[in-house]
Amino acid sequence: MAKSVDFSVFSVLVTGSHRGIGLGLVNRFLELPCPPKWVFATTLDLEGEDNKELKELTCKHPNLVVLQLDVTKLESIQAAVKEVQKCVGQSGLTLLINNAGLLVGNELERETAKEMMRVYSVNTIGPLQMSQACLPLLKMAARRSPCQGLSASKAAIINISSISGSIELMERWDILQIVAYRCSKAALNMITKCQSLDYSAHGILCIAFHPGRVRTYQQNVSGEISVEESTRGIVSVLSMLSDKDNGTFVDWLGRRIPW
C-alpha cells in the first residue's frame, strides 16, 4: 500500500473533528511531510471541554483553523463555509470529509420516528447539505488543479459511512440492530453514489468510507482498531484514489464493501 507521505492537498475540511476519527484525521493531515496550507476542523461548541486537544493543536499549527459547525443547521453550514472561503480564496477547497455523525439507534421493534429523524439529520442530510454548500469551492479547486483525472489531491468529497449501512452484509445484526444508524448510513451511501455520477463532470471524486470498528474506550475488544490505525489507513487510501474509485464504498484498507 502506498504511504501517506506521497499525499498532498491544498486544503481539507473535516466535520465533527473535536474527537475520535475526525480529530485523528486532523492530526494525520497536520503530520504529513507536506501538510495542507489549510486544515479546517469543526466542533459544535467552540468553548466546550471536548475541544482541549484541538485548542492545543491550534497553538502548534498556524495552518489549523477551528470552526463552529452544526451540520443540522443550514445557517451554521453556510457561516462555516463562508469562513473557509475567506481563507482559501480563489484556490478553493480540495477535500471535504463529512465525518460528523451519531452512532445511535434502537432495536427494530423499538425504533421511533423521532430517533430516525434525529440520526438522519446528522448522518444523511448533514453531509448532503455540507457538500452542496462546499460545491462551489470544490469546483474551484478542481479547475485550478494541474492533476489529470479524478483524485483526492484535486478535489473530493469523502463521506464517512459504516459497514453497518451495507444492506448485503447486515454485519452484526444479531448483536447490534441500531436501525436508525444503519438506515442513515445506507442512505448516505446512496447520496455518495449520486454525487459521484453528478460531480465527476466537475472533476470532483466522491467516495464512501468505512473507517473500521474503531475503539472508543480504553479496553481492547476483539476486531476493533485504534483511531490512529483507522485514520492512517484512510489517509493512505486517499493518496491512491483515482477515477476507478469514484462512487465506490471502501474500508480503511481500501477493500471494497458491497452496498
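Residue indices begin at 1 and follow the sequence shown.
In this model, a donor atom of one side chain and an acceptor atom of the other lie less than 3.5 Å apart for Ser131 and Gln195. When only modelled atom types and interatomic distance are considered, Asn51 and Thr43 share a side-chain donor-acceptor pair under 3.5 Å. Neither side chain, Arg215 nor Ser226, offers a donor N or O lying under 3.5 Å from an acceptor on the other. Judged by distance alone, the side chains of Asp70 and Ser76 never bring a donor and an acceptor atom under 3.5 Å apart. Remark: the Asn159 side chain and the Thr192 side chain contain an N/O donor-acceptor pair separated by less than 3.5 Å.
Counting non-hydrogen atoms of other residues, nucleotides and ligands closer than 6.0 Å to NZ of Lys37 gives a total of 12 or fewer. Within a 6.0 Å radius of CD in Glu56, more than 12 heavy atoms belonging to other residues, nucleotides or ligands are found. Sparse packing is recorded around CE of Met190, with 12 or fewer heavy atoms of other residues, nucleotides or ligands lying under 6.0 Å away. Atom NZ of Lys55 has more than 12 heavy atoms from other residues, nucleotides or ligands within 6.0 Å. In Leu74, the CG atom is crowded: over 12 heavy atoms of neighbouring residues, nucleotides or ligands sit closer than 6.0 Å.
Residues Ile158 and Leu95 meet the side-chain proximity criterion, which asks for heavy atoms closer than 4.5 Å. A heavy-atom distance below 4.5 Å is found between the side chains of Val39 and Leu30. Put simply, the side chain of Val12 reaches to within 4.5 Å of the side chain of Phe29, judged on heavy atoms. Side-chain contact between His18 and Lys52: absent, with no pair of heavy atoms (C-beta onward) separated by less than 4.5 Å.
Looking at Leu93, Thr94, Leu13, Leu96 one by one, the single match for side chain to side chain contact (heavy atoms under 4.5 Å, CB included) with Leu137 turns out to be Leu93.
The cluster map of Ile, Leu, Val, Met, Phe, Trp and Tyr, joined by side-chain heavy atoms under 4.5 Å apart, puts Val237 and Phe249 in different clusters. Under a hydrophobic clustering in which Ile, Leu, Val, Met, Phe, Trp and Tyr are joined whenever their side-chain heavy atoms come within less than 4.5 Å, directly or via other members, Ile157 and Ile207 fall into different clusters. There is no path of hydrophobic side-chain contacts, each under 4.5 Å, that joins Phe209 to Leu103.
Here the straight-line distance linking atom CG of Asn27 with atom CG of Leu57 works out to 5.0 Å at 0.5 Å rounding. Between the CG atom in Leu32 and the OG atom in Ser8 there is a gap of 8.5 Å [rounded to 0.5 Å]. From Cys134, atom SG reaches atom CD of Gln78 across 11.0 Å, with rounding to the nearest 0.5 Å. Between atom OH of residue Tyr120 and atom CG of residue Leu188 there is a gap of 10.0 Å, rounded to the nearest 0.5 Å.
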Next on the checklist: Could you go through Ser161 and Asn189, starting from their C-alpha distance and side-chain angles, then the distance that decides it, and tell me whether this counts as side-chain hydrogen bond (donor to acceptor under 3.5 Å, both in side chains)?
Outcome noted: CA-CA 7 Å; Ser161 184; Asn189 289 347; 2.7 Å; yes
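We find that Glu31 and Arg232 are joined by a salt bridge, their nearest charged nitrogen and carboxylate oxygen being less than 4.0 Å apart.
A cation-pi contact links Arg255 to Trp252, judged by a cut-off of 6.0 Å to the six-membered ring centre and 45° from its axis.
Ring geometry for Tyr199 against His202 counts as tilted: the plane angle lies between 30° and 60°, on a 0 to 90° scale.
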